[in-house]
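Here's the structure we're looking at; comments come further down.
Starting from 1, each residue takes its place in the sequence as its number. Since this is a predicted model, take the numbers as computed values, not measurements. Ligands are counted one by one from 1 in listed order, and the atoms in each one are counted from 1 as well.
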Amino acid sequence: MKNILEAPFLIEMVRTTTNMYAHGWDERNGGNISLLLDEAEVKEYLDANTVLRTISTGFKAPELEGKYFLVTGTGKYFKNVQYAPEVNLGLVRIVDGGENAELLWGYADGGKFTSEFPAHMMSHVARRKVNPENRVVMHCHPANLLAMTYVHDLDSRAFTRTLWQMCTECIVVFPDGVNVLPWMLCGTNEIGVATAKEMETARLVVWSQHGIYGAGADLDETFGLIETAEKAAEIYMKIAHLPLKTTITDAQMHLLEAHFGVKAREGWLEP
Ligand code: 2HA
Ligand code: ZN
């Protein structure tokens, strides 16, 4: 059996959590990540028949039956993942139609997966219907996106158009846009259902006055999506109180669409 601490998926998870902490997106225990793993790859590193504990989830997700996830732990700090991966992360297999998760590795101090596990698992289900390659759901608290939800209209189209206008590459990176949820109680199945619904049409979902969810095929892509949206929000927060002299027009956005071979969300640009 190979050493799981040397598994590429584990190394990448440690690097990503460390990097997100360094960006200031994950204060204290803020943020959480779930990464869908290949069964064959998991079995190179552990005996999948040895279940350490079974943890109940409180929701159903039959689409994820038998799937393996590496998930950040509840109450754990991203800044500490690099020093003690086996305490701050856990590797689980979803069983019983999603109602239970079997712990195969990690949460070594008796912990369990993030309080946002429902939002993560329901978002995986929703994204995999759109793109079967989706493997990552990532949540964090980037300051400028959060700030923007206090001063900007929370309509998803209006919010997205503003972000697209803040940096030329935004429409290329997230042509599907950003969906915005109003403030809701976090850590509940309700916010999980609402997030997954928004994930049907976009890979980024803003939780007003809280943070953002991103989904993607790998950790890099998902990190990059959030990084780009957060950069745009930063520009917005730098200019929103100043007299606006120019912007990126919809005609210019159409040039970007044509040049980069992307299609903006239907109806979100003027023709
Ligand atoms: O895990 O970010 O939304 C802490 C959080 C909850
Ligand atoms: Zn949060």
Aromatic ring proximity Phe9/Tyr45, centre distance under 6.0 Å: yes

What does the 4.0 Å heavy-atom contact list look like for ligand 1? Asn29, Gly30, Gly31, Asn32, Glu116, His139, His141, His210

Residues Phe159 and Asp153: closest non-hydrogen pair is CD1-O, 3.6 Å

Check the pair Trp25, Phe223 against ring-ring contact (aromatic ring centres under 6.0 Å, His included), reporting the backbone distance first and the verdict last. CA-CA 11 Å; Trp25 299 348; Phe223 181 95; 4.9 Å; yes

Got a donor-acceptor contact below 3.5 angstrom from the Thr114 side chain to the Thr72 backbone? no

Using residues 94-101 as the side-chain source, report each donor-acceptor pair under 3.5 Å to any protein atom, sequence neighbours left out, with the distance given to one decimal.
{"unit_1": "Asp96", "atom_1": "OD2", "unit_2": "Asn100", "atom_2": "ND2", "d": "2.7"}

Verify same cluster id: Leu36, Leu91 (apolar side-chain graph, 4.5 Å): no

Contact between Cys167 and Thr228 at the side-chain level, heavy atoms closer than 4.5 Å - yes or no? no

Given a threshold of 2.8 Å, state how many protein N/O/S atoms are nearer than that to the Zn ion (ligand 2). 3

Cut-off 3.5 Å, no hydrogens considered: what does the side-chain donor-acceptor table look like for residues 169-187, sequence neighbours left out?
{"unit_1": "Asp176", "atom_1": "OD1", "unit_2": "Arg203", "atom_2": "NH2", "d": "2.9"}
{"unit_1": "Asp176", "atom_1": "OD2", "unit_2": "Arg203", "atom_2": "N", "d": "3.1"}
{"unit_1": "Asp176", "atom_1": "OD2", "unit_2": "Arg203", "atom_2": "NE", "d": "2.8"}
{"unit_1": "Asn179", "atom_1": "OD1", "unit_2": "Arg265", "atom_2": "NH1", "d": "3.3"}
{"unit_1": "Asn179", "atom_1": "OD1", "unit_2": "Arg265", "atom_2": "NH2", "d": "3.1"}
{"unit_1": "Asn179", "atom_1": "ND2", "unit_2": "Glu198", "atom_2": "O", "d": "2.8"}
{"unit_1": "Asn179", "atom_1": "ND2", "unit_2": "Glu198", "atom_2": "OE1", "d": "3.3"}
{"unit_1": "Asn179", "atom_1": "ND2", "unit_2": "Thr201", "atom_2": "OG1", "d": "2.8"}

Tell me which one of His139, His120, Lys76 satisfies side-chain hydrogen bond (donor to acceptor under 3.5 Å, both in side chains) with Asn32. His120

